[in-house]
A.B. asks: 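Right, I'll just put the structure down here and ask away after.
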Amino acid sequence: MGRHFEVRAASMAKTAAVKAKLYSRYGKEILMAAKSGVPDPDMNASLKKVIERAKANQVPADVIKRAIEKAKGGTNENYSAATYEGFGAGGQATIIIDCLTDNANRTIADLRGCFNKSHAKIGVSGCVSFNYEHVGLISIKYDDEEAMMDALIMAEVDLKDIEVEEGQMTITVEPTELNKAKDAIEELIPEVSFDILEDTMLPNEYVELEGEDLMLFQRLVTLLNEVDDVQQVYHNVRNINDSVE
């Protein structure tokens with residue numbers, strides 16, 4: 001499937017701003033999971049799973065603790081999930097935006113502003129997502145493909161693909177199997193460090209943009225990532241990191 005590209009792109013994006021966005025994202029997810037049940041991971045399976053993913057993505061313990069304490073304190077903060085889709089300038093590039101919002105009108109207004117400033121267009125639900133695959137994505141430094149496959153099969157994980165390149169292993173599973181795969185990998189490699197452990201959308205095909213279209217799409221992604229309500233941005237542009245800052 002050529003998934004190693006996503007791993008390289010993710011590693012290039014580990015800036016302070018991206019980390020802050022990641023912490024905010026997991027803070028909201030932990031808060032909502034804690035509010036949906038008991039704010040104790042030992043008694044709330046959903047909360048436990050979110051915390052495990054947060055820790056695997058190097059989210060600091062104090063970020064996790066603050067979100068749980070906020071839930072325990074009976075905060076009025078409530079977020080609902082919303083997904084938006086659209087096209088970049090020129091129409092070749094597609095994009096999916098996952099949001100958690102407490103004000104849908106504000107969110108859509110903010111997103112429209114990003115699209116308008118980038119000569120892009122918001123589409124209707126389903127206009128681009130049909131060309132993406134929803135997967136659980138894992139990346140670790142490990143190269144024994146046979147041992148990994150055996151471990152995942154023994155754990156009855158619904159495995160989609162394993163790819164190894166330059167000592168980096170990329171594993172895709174059904175998104176509902178992400179935590180089960182994580183447990184199996186930790187049993188196989190007790191000291192494993194996850195470079196990527198996330199529920200994501202991967203495009204079936206990529207495009208490479210040039211010139212103004214590339215610069216405008218880079219602007220769109222940058223602006224979207226600055227919107228507080230945006231949790232994740234998925235797109236099909238392979239060379240976006242080559243654009244001019």
Side-chain angles (χ1 to χ4, degrees), residues 1-15 17-22 24-26 28-29 57 79-101 103-137 139 160 170 172 175 196-245:
M1 291 189 200
R3 300 308 194 199
H4 197 67
F5 161 70
E6 285 81 14
V7 177
R8 290 195 300 270
S11 65
M12 291 172 67
K14 289 182 179 177
T15 63
V18 171
K19 287 181 180 180
K21 186 71 177 180
L22 182 72
S24 173
R25 168 191 159 197
Y26 274 107
K28 287 182 180 179
E29 290 187 19
N57 282 284
Y79 300 95
S80 57
T83 299
Y84 302 90
E85 305 174 29
F87 302 88
Q92 293 185 71
T94 62
I95 194 162
I96 300 174
I97 309 108
D98 281 346
C99 300
L100 274 180
T101 179
N103 186 324
N105 290 332
R106 180 196 64 229
T107 301
I108 189 63
D110 287 347
L111 297 187
R112 287 192 187 282
C114 298
F115 274 79
N116 290 340
K117 291 175 183 176
S118 310
H119 298 182
K121 180 180 179 182
I122 292 183
V124 299
S125 177
C127 66
V128 304
S129 57
F130 70 92
N131 202 29
Y132 284 71
E133 184 180 13
H134 188 193
V135 302
L137 179 66
S139 176
K160 287 179 172 287
T170 306
T172 49
I196 298 176
L197 178 73
E198 62 183 24
D199 180 325
T200 190
M201 299 285 287
L202 298 180
N204 294 323
E205 296 180 353
Y206 288 93
V207 299
E208 293 199 7
L209 301 181
E210 297 180 352
E212 186 178 12
D213 285 348
L214 177 57
M215 294 179 67
L216 286 170
F217 195 76
Q218 173 68 40
R219 179 189 299 172
L220 174 61
V221 172
T222 299
L223 290 172
L224 288 171
N225 278 318
E226 291 173 354
V227 175
D228 287 342
D229 296 335
V230 170
Q231 292 288 97
Q232 289 276 57
V233 175
Y234 315 106
H235 61 80
N236 68 338
V237 179
R238 185 179 292 278
N239 62 326
I240 190 169
N241 291 306
D242 297 337
S243 59
V244 177
E245 296 291 338

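For this chain, numbers begin at 1 and follow the sequence in order.
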A.B. asks: Just how far is it from atom CD of Gln92 to atom CD of Glu205, taken to the nearest 0.5 Å?
C.D. replies: 11.5 Å

A.B. asks: If I compare all heavy atoms of Asp228 with all of Lys28, which pair ends up nearest, and what's the gap?
C.D. replies: O-NZ, 2.9 Å

A.B. asks: Would you confirm whether Ser24, through its side chain, and Ala20, through its main-chain N or O, come within 3.5 Å as a donor-acceptor pair?
C.D. replies: no

A.B. asks: Heavy-atom distance under 4.5 Å between the side chains of Asn236 and Val128, does that happen here?
C.D. replies: no

A.B. asks: What residues, two or more places apart in sequence or in another chain, satisfy side chain to side chain donor-acceptor pair (under 3.5 Å) together with Asp199?
C.D. replies: His134

A.B. asks: Give the intermediate values and the outcome of side chain to side chain contact (heavy atoms under 4.5 Å, CB included) for residues Leu224 and Tyr84.
C.D. replies: CA-CA 11 Å; Leu224 288 171; Tyr84 302 90; over 6 Å; no

A.B. asks: Is it true that, when you exclude Arg25 itself, more than 12 heavy atoms of the residues, nucleotides or ligands shown sit nearer than 6.0 Å to its CZ?
C.D. replies: yes

A.B. asks: Measure from the side-chain N and O atoms of Lys21 to the backbone N and O of Gln232, and report whether any donor-acceptor pair falls under 3.5 Å.
C.D. replies: no

A.B. asks: Identify the two heavy atoms, one from Met201 and one from Tyr132, that lie closest to each other, and give their separation to 0.1 Å.
C.D. replies: CE-CB, 3.8 Å

A.B. asks: Could you give the distance from CZ (Arg112) to CD1 (Ile122), rounded to the nearest 0.5 Å?
C.D. replies: 4.5 Å

A.B. asks: Hey, what do you get for CD (Gln231) to CG (Leu22), rounding to the nearest 0.5 Å?
C.D. replies: 10.0 Å

A.B. asks: Can you tell which of Thr94, Thr83, Asp98 makes a side-chain hydrogen bond (donor to acceptor under 3.5 Å, both in side chains) with Tyr234?
C.D. replies: Asp98

A.B. asks: Which heavy atom of Thr107 sits nearest a heavy atom of Cys99, and at what distance?
C.D. replies: CG2-SG, 3.9 Å

A.B. asks: Could you check whether any side-chain heavy atom of Cys114 comes within less than 4.5 Å of a side-chain heavy atom of Leu220, counting everything from C-beta outward?
C.D. replies: yes

A.B. asks: May I have the step-by-step check of side chain to side chain contact (heavy atoms under 4.5 Å, CB included) for Ser80 and Thr101, ending in yes or no?
C.D. replies: CA-CA 5 Å; Ser80 57; Thr101 179; 4.0 Å; yes

A.B. asks: Please name the pair of heavy atoms, one in Ile95 and one in Phe87, separated by the smallest distance, quoted to 0.1 Å.
C.D. replies: CG2-N, 4.5 Å

A.B. asks: Does any N or O in the side chain of Glu85 come within less than 3.5 Å of the main-chain N or O of Ser129, such that one atom is a donor and the other an acceptor?
C.D. replies: yes

A.B. asks: State which residue, out of Val207, Asn239, Thr222, Ile240, fulfils the side chain to side chain contact (heavy atoms under 4.5 Å, CB included) condition with Phe217.
C.D. replies: Ile240

A.B. asks: Which atom pair, heavy atoms only, marks the closest approach of Leu137 to Thr170?
C.D. replies: CD1-CG2, 3.6 Å

A.B. asks: For the residue pair Leu111 and Val230, what are the closest heavy atoms and their distance?
C.D. replies: CD2-CG2, 3.8 Å

A.B. asks: Within this structure, what is the NE2-CD distance for the pair His235 and Gln218, rounded to the nearest 0.5 Å?
C.D. replies: 8.0 Å

A.B. asks: Please report the interatomic distance CD1(Ile108) to CG(Asn103), rounded to the nearest 0.5 Å.
C.D. replies: 11.5 Å

A.B. asks: Start with the C-alpha gap between Val237 and Val221, add the side-chain angles, then the distance that decides, and say whether side chain to side chain contact (heavy atoms under 4.5 Å, CB included) holds.
C.D. replies: CA-CA 11 Å; Val237 179; Val221 172; over 6 Å; no

